[in-house]
2 protein chains.
Amino acid sequence: MSDDLTRTPGSLLGGERFEPRRSLAEQIAKHLEDLIVRGVLRSRERVQEQRVARELGVSRGSVREALLILETRHLIEILPRRGAMVTDLTEHSVNSLYEVIVTLYTFMAKKVAQVWQEDDLQPFLELSAQMRCEVEAADQPAFFSSTFEFGQSAIELLKNPYLEEILRDLAPMALRTRFFADTINRNAMVEGLEFYDSLVDAALHRDLVAIERLIHEYYARQQRLVIQALQAQAA
Amino acid sequence: MSDDLTRTPGSLLGGERFEPRRSLAEQIAKHLEDLIVRGVLRSRERVQEQRVARELGVSRGSVREALLILETRHLIEILPRRGAMVTDLTEHSVNSLYEVIVTLYTFMAKKVAQVWQEDDLQPFLELSAQMRCEVEAADQPAFFSSTFEFGQSAIELLKNPYLEEILRDLAPMALRTRFFADTINRNAMVEGLEFYDSLVDAALHRDLVAIERLIHEYYARQQRLVIQALQAQAA
DNA sequence: GTCGTGTCGATTGTCAGACAATTGGCACTG
DNA sequence: CAGTGCCAATTGTCTGACAATCGACACGAC
């Protein structure tokens, strides 16, 4: 953990597209986010601004901003005068997280099913096909990325900025817990594929009841897996 | 707008109770939040860090943090290299906001109705009574404060930190729009009282259907009022 | 007159260095 | 072993600085 964020101000050659080049703080946040999601930084581990600043070769101010960002993503907790620490994953926090996720995803999916018209669902069908390929190729990273785009497409369709931001802030935690679950679920990709397929199908038929059932079942299972993994780790 | 945040480091005499003395950034955020919610700072108005820092007698760094906080509360929008501006209130953004709020409040209320036991609902009954008094006394600030505590009590009961934080971040916007609605609804307090009363009643009977209906109806009306006020202001 | 283009001031993004306040741990004492 | 006091480490905040970028304005071309 001794990277060095290249900070080439305006290099369009950097490959970062045309995006307004994320601020340094966001890059730092992203970096730390990865470490936390992948479990390199463990629960309750301290994250000291001075240390991070030194290691990444940036100023304390920027790290401070990054920590604020990570706090809104529920990845760290900042205690006044005591610094930041990685949030703890407990059975209770996982349950809480999934309650909220299920509520919001259900709302989102139902809404999509209600408002779609013409070929709004085209992107979902394509993603579904793509995911099928990725499962066959056993390309887990690509599959992950596709599930992410799935949610992304739904958000674009609804154009609800509040929902969008809330889900964006919740996503890293969802990913973090999922990282756990998949360690004990070799079948994760197949199950995921089946889930998304059914979801698209239900949306096509505007079957709200099925949507609610599908999401509840899928995430109930995910939740169980995460908690199992958590207990396994504790033991 | 030329206050001066007294920054007495450890003065317990400051009256702030035992709370770990909110950080300066949070005080600044709270200050600006008030200005925005009350409409002193209008939609799309710029909020310049240098200027705020000068006016409040604090450093730019602290203002910067405050702006980050306000962004998570959806009160300002920070554009890279272009600074912060107060978020715009449009028909679309109001609709989006209320969609999310209704979804989350419905979830919350249903959950409370499902899990309460013994005298969990006591605080709500007391608040309800208190609100009745406040309506009779036409004490609008107190009434506002009570509705706030109402939500607070529900959150305490559920102990879901994610829901708690999401709602806390949404609250200022809810308040801001409400400020609008109440300018054209002289009956707001009576309606509110009736709503909360019915809600407590439904929760007592664990009547989930009624809860869903009540919340949808109440906020549909609120939403209409806000949008009316918005249009009236535009004209 | 409208449309590019160059210049300039204002503002943001980031850095370095500084200092007081607070925390947590440690040694010391009874 | 509990209580006390001290010290190092870290956070919260400030000041001052500078490059990059933005918005506006003036200027010149068509």
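Here is how names work: the chains are called A, B, and so on, in the same order as the sequence lines, proteins then strands, and each is numbered from 1. Heavy-atom basis, side chains included; hydrogens, waters and symmetry copies ignored.
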Undergrad: In chain order, what residues pass the side chain to side chain contact (heavy atoms under 4.5 Å, CB included) check against A:Ser43, with sequence neighbours excluded?
TA: A:Asp88, A:Leu89, A:Arg176
Undergrad: Rounded to whole angstrom units, what separation is found between the CD atom of A:Glu71 and the P atom of D:dG12?
TA: 11 Å
Undergrad: Suppose we screen for side chain to side chain contact (heavy atoms under 4.5 Å, CB included). Which residues come up paired with B:Thr72, at least two apart in sequence or across chains?
TA: A:Thr72, B:Asp169
Undergrad: Should B:Glu55 and B:Arg51 count as an ion pair when the cut-off is N to O under 4.0 Å?
TA: yes
Undergrad: Kindly give the heavy-atom pair with the smallest separation between A:Val37 and A:Pro172, and that separation in Å.
TA: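 Heavy atoms of A:Val37 and A:Pro172 come nearest at CG2-O, 3.8 Å.
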Undergrad: Starting at CD1 of A:Ile69 and ending at C1' of C:dG13, how long is that distance when rounded to a whole Å?
TA: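 The distance from CD1 of A:Ile69 to C1' of C:dG13 comes to 13 Å, rounded to the nearest Å.
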Undergrad: Nearest-Å distance, CE (A:Met85) to P (D:dT10)?
TA: 14 Å
Undergrad: In whole angstrom, what separates A:Glu55's CD from D:dT10's P?
TA: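 Spelled out: CD on A:Glu55 to P on D:dT10 is 12 Å.
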Undergrad: With B:Ile184, which residues qualify under side chain to side chain contact (heavy atoms under 4.5 Å, CB included), at least two apart?
TA: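 Checked B:Ile184 against side chain to side chain contact (heavy atoms under 4.5 Å, CB included); matches are B:Leu225, B:Gln228, B:Ala229.
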Undergrad: Near DNA chain D, counting only heavy atoms under 4.0 Å, which residues of residues 59-67 of chain A show up?
TA: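 A:Arg60, A:Arg64, in order of number.
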Undergrad: Between D:dT21 atom P and B:Leu79 atom CG, what is the distance in whole Å?
TA: 16 Å
Undergrad: Using a heavy-atom cut-off of 4.0 Å across all strands, would you classify B:Gln48 as base, sugar-phosphate, or nothing?
TA: sugar-phosphate
Undergrad: To the nearest Å, how far apart are B:Arg46 CZ and D:dC22 P?
TA: 13 Å
Undergrad: Could you tell me which residues satisfy side chain to side chain donor-acceptor pair (under 3.5 Å) with B:Glu165, sequence neighbours excluded, listed by chain and number?
TA: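 Here no residue qualifies.
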Undergrad: Which residue pairs pass the ring pair (Phe, Tyr, Trp, His ring centres under 6.0 Å) test when at least one of the two sits in residues 42-67 of chain B, sequence neighbours left out?
TA: none
Undergrad: Give every residue pair that meets the side-chain hydrogen bond (donor to acceptor under 3.5 Å, both in side chains) criterion with at least one member in residues 94-111 of chain B, sequence neighbours excluded.
TA: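 side-chain hydrogen bond (donor to acceptor under 3.5 Å, both in side chains) check on residues 94-111 of chain B returns A:Glu99-B:Lys111, A:Lys111-B:Glu99, A:Asn160-B:Glu99, B:Asn95-B:Gln223, B:Tyr98-B:Thr177, B:Lys110-B:Glu212.
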Undergrad: Can you list every pair that meets ring pair (Phe, Tyr, Trp, His ring centres under 6.0 Å) and has a residue in residues 44-79 of chain A, with sequence neighbours left out?
TA: A:His74-B:Tyr162
Undergrad: Starting from P on C:dA21, measure out to CG on B:Leu24 and report it in whole angstrom.
TA: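 So the CG-P distance, B:Leu24 to C:dA21, works out to 15 Å.
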Undergrad: Please list, pair by pair, any protein nitrogen or oxygen found under 3.5 Å from a nitrogen or oxygen in nucleotides 23-25 of chain C.
TA:
residue: C:dG24; atom: OP1; partner: A:Arg82; partner atom: NE; Å: 3.4

Undergrad: Write down the distance between CZ (B:Arg54) and P (C:dT12), rounded to a whole number of angstrom.
TA: 10 Å
